[in-house]
There are 2 protein chains.
Amino acid sequence: MPYHHGDLRRTLLDAALVAIAEHGPVAVSLRELARRAGVSHAAPTHHFRDKTGLLTAVAAEGWTLLADALDAVTDREFSEMGVAYVVFATTHPAHFAVMRTPGLVHADDPALVAAQQRAGRSLQTEPDGAARDRATALAGWSLVHGLSALLLEGLVAPDPGSDVEALARAVTGRLGRPLPRRQG
Amino acid sequence: MPYHHGDLRRTLLDAALVAIAEHGPVAVSLRELARRAGVSHAAPTHHFRDKTGLLTAVAAEGWTLLADALDAVTDREFSEMGVAYVVFATTHPAHFAVMRTPGLVHADDPALVAAQQRAGRSLQTEPDGAARDRATALAGWSLVHGLSALLLEGLVAPDPGSDVEALARAVTGRLGRPLPRRQG
DNA sequence: CGGCAGGTCTTGTCATTGACAAGATGCCTC
DNA sequence: GAGGCATCTTGTCAATGACAAGACCTGCCG
């Protein structure tokens with residue numbers, strides 16, 4: 001549709017995701033993205049007001065994809081939802097990094113807020129559609145959000161030969177089970 | 001000791017903490033910090049190699065303070081350790097923001113790694129000094145790390161009239177207790 | 001007492017960046 | 001076919017991080 005580029009907005013978002021995956025969300029440069037897309041250094045301005053606007057779009061897309069992933073879980077027991085959360089985070093590291101880094105986005109952006117709320121609603125709903133009580137829902141969210149964060153910060157990694165999904169399953173299984181007192 | 005400034009290194013770190021609390025760790029500017037400290041724009045270079053070096057120092061200090069806070073917990077049940085973790089995060093938001101934001105620091109800095117490991121050891125130790133099993137320790141760490149992150153990202157806030165400590169206690173109590181099936 | 005060595009800070013400079021202003025270019029509608 | 005508009009370009013500016021070279025103070029050695 002646009003005359004030079006089939007879809008510059010999408011192209012810039014994709015370039016941003018690549019750049020974030022390579023050097024982190026802090027290091028992205030609008031001019032670098034424009035260069036990779038083959039357009040001039042001011043082209044991104046019209047699609048995203050400024051750099052924060054571009055990252056806001058990435059975050060909103062991330063929350064939407066996360067909500068989609070959660071909605072797609074058929075067995076809506078918390079452990080399965082939690083596994084889906086962690087799998088999303090590790091398979092969309094660029095999105096998740098922007099989503100969880102404060103100060104990068106316009107926090108009051110309507111599209112962003114709406115997407116966040118949709119994901120939140122999905123997480124807080126029980127298998128039969130009832131709402132979980134606050135502390136339980138928050139504990140579950142904290143658990144999977146924290147595991148995702150630790151994985152992406154590199155403070156934790158799955159055992160060799162194992163994978164993220166197995167790790168997430170083991171961890172979510174600890175919620176609501178008695179704590180074993182010893183190693184073993 | 002230094003001739004112009006009693007302790008420029010500490011002054012810059014404190015200025016950085018203030019700036020991070022105000023505008024987030026991404027927005028800090030070395031030149032701005034130098035201005036606040038009343039020194040020239042190149043003064044910070046000698047104390048911290050570069051901007052990343054300064055943030056690395058902040059992160060290392062943060063992990064050390066966290067380890068100190070965890071070591072100071074006398075009742076070493078996980079719930080109390082977890083409460084201390086969350087209280088640290090919310091009372092040292094600037095430190096914690098740098099600690100949990102990837103790409104800001106030299107991840108392989110020896111002092112940083114050592115401080116991280118000290119905090120990790122403290123968290124993974126049971127009341128009697130035995131090690132927790134991996135999944136349990138990781139679930140606990142994920143839980144409190146995630147709650148801290150959600151609080152600092154502004155995605156969650158304590159109920160009015162309540163406080164962070166009560167919220168943390170309610171959430172850590174869900175680890176190893178049966179999940180209530182319904183609200184109330 | 002004199003100077004010398006090194007850590008500390010300053011001045012000067014450069015490429016890069018984000019943001020803005022103004023203009024060019026192609027497409028669509030009336 | 002002529003205006004109107006979204007899209008993109010060129011040009012510019014202040015701010016920034018990093019680096020180089022030099023000035024300054026301190027403390028130590030002879």
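Per chain, numbering begins at 1; letters A, B, ... match sequence-line order. Please read these numbers as outputs of a predicted model, since none were measured by experiment.
- Between the CG atom of B:Leu8 and the C1' atom of C:dT10 there is a distance of 13 Å, given to the nearest Å.
- Cluster partners of B:Val87 are B:Val83, counting Ile, Leu, Val, Met, Phe, Trp and Tyr whose side-chain heavy atoms approach within less than 4.5 Å, directly or via other members.
- Summarising the geometry, the separation between CG on A:Asp7 and C1' on D:dC8 is reported as 14 Å, rounded to the nearest angstrom.
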Using a 3.5 Å cut-off and no angle test, enumerate the donor-acceptor pairs between side-chain atoms of residues 164-172 of chain B and protein atoms at least two apart in sequence or in another chain.
{"unit_1": "B:Glu165", "atom_1": "OE2", "unit_2": "B:Arg169", "atom_2": "NH2", "d": "2.5"}
{"unit_1": "B:Arg169", "atom_1": "NH1", "unit_2": "B:Glu80", "atom_2": "OE1", "d": "3.2"}
{"unit_1": "B:Arg169", "atom_1": "NH1", "unit_2": "B:Glu80", "atom_2": "OE2", "d": "2.5"}
{"unit_1": "B:Thr172", "atom_1": "OG1", "unit_2": "B:Ala168", "atom_2": "O", "d": "3.0"}
{"unit_1": "B:Thr172", "atom_1": "OG1", "unit_2": "B:Arg169", "atom_2": "O", "d": "3.2"}

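- Every residue meeting the salt bridge (Lys or Arg N to Asp or Glu O under 4.0 Å) condition with B:Asp159, not counting sequence neighbours, appears here in chain and number order: A:Arg134.
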Between protein and nucleotides 14-18 of chain D, what N or O pairs are separated by less than 3.5 Å?
{"unit_1": "D:dT16", "atom_1": "OP2", "unit_2": "B:Arg35", "atom_2": "NH2", "d": "2.7"}
{"unit_1": "D:dG17", "atom_1": "OP1", "unit_2": "B:Leu30", "atom_2": "N", "d": "3.3"}
{"unit_1": "D:dG17", "atom_1": "OP1", "unit_2": "B:Lys51", "atom_2": "NZ", "d": "3.3"}
{"unit_1": "D:dG17", "atom_1": "OP2", "unit_2": "B:Ser29", "atom_2": "OG", "d": "3.4"}
{"unit_1": "D:dG17", "atom_1": "OP2", "unit_2": "B:Leu30", "atom_2": "N", "d": "3.0"}
{"unit_1": "D:dG17", "atom_1": "OP2", "unit_2": "B:Arg31", "atom_2": "N", "d": "3.3"}
{"unit_1": "D:dG17", "atom_1": "N7", "unit_2": "B:Arg31", "atom_2": "NH1", "d": "2.4"}
{"unit_1": "D:dG17", "atom_1": "O6", "unit_2": "B:Arg31", "atom_2": "NH1", "d": "3.0"}
{"unit_1": "D:dA18", "atom_1": "OP2", "unit_2": "B:Lys51", "atom_2": "N", "d": "3.1"}
{"unit_1": "D:dA18", "atom_1": "N6", "unit_2": "B:Arg31", "atom_2": "NH1", "d": "3.4"}

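- Annotation: side chain to side chain donor-acceptor pair (under 3.5 Å) contacts of A:His106 (sequence neighbours excluded): none.
- For DNA chain C, none of the residues of residues 99-111 of chain A falls under the heavy-atom distance limit of 4.0 Å.
- Candidate nucleotides C:dT10, C:dC9, D:dC8 were compared by shortest atom distance to the side chain of B:His47, and C:dC9 ranks first.
- Salt-bridge formation is not detected for the pair A:Glu61/A:Arg9: no Lys NZ or Arg NE/NH1/NH2 atom is positioned less than 4.0 Å from an Asp or Glu carboxylate oxygen.
- Clustering of Ile, Leu, Val, Met, Phe, Trp and Tyr by side-chain heavy atoms under 4.5 Å joins B:Val113 with none of the others.
- With sequence neighbours left out, A:Asp68 forms a side chain to side chain donor-acceptor pair (under 3.5 Å) with A:Arg118.
- A:His41 pairs by the side chain to side chain donor-acceptor pair (under 3.5 Å) definition with A:Arg31, not counting sequence neighbours.
- Remark: A:His46 is in phosphate contact with D:dT7, judged by side-chain N or O atoms under 4.0 Å from OP1 or OP2.
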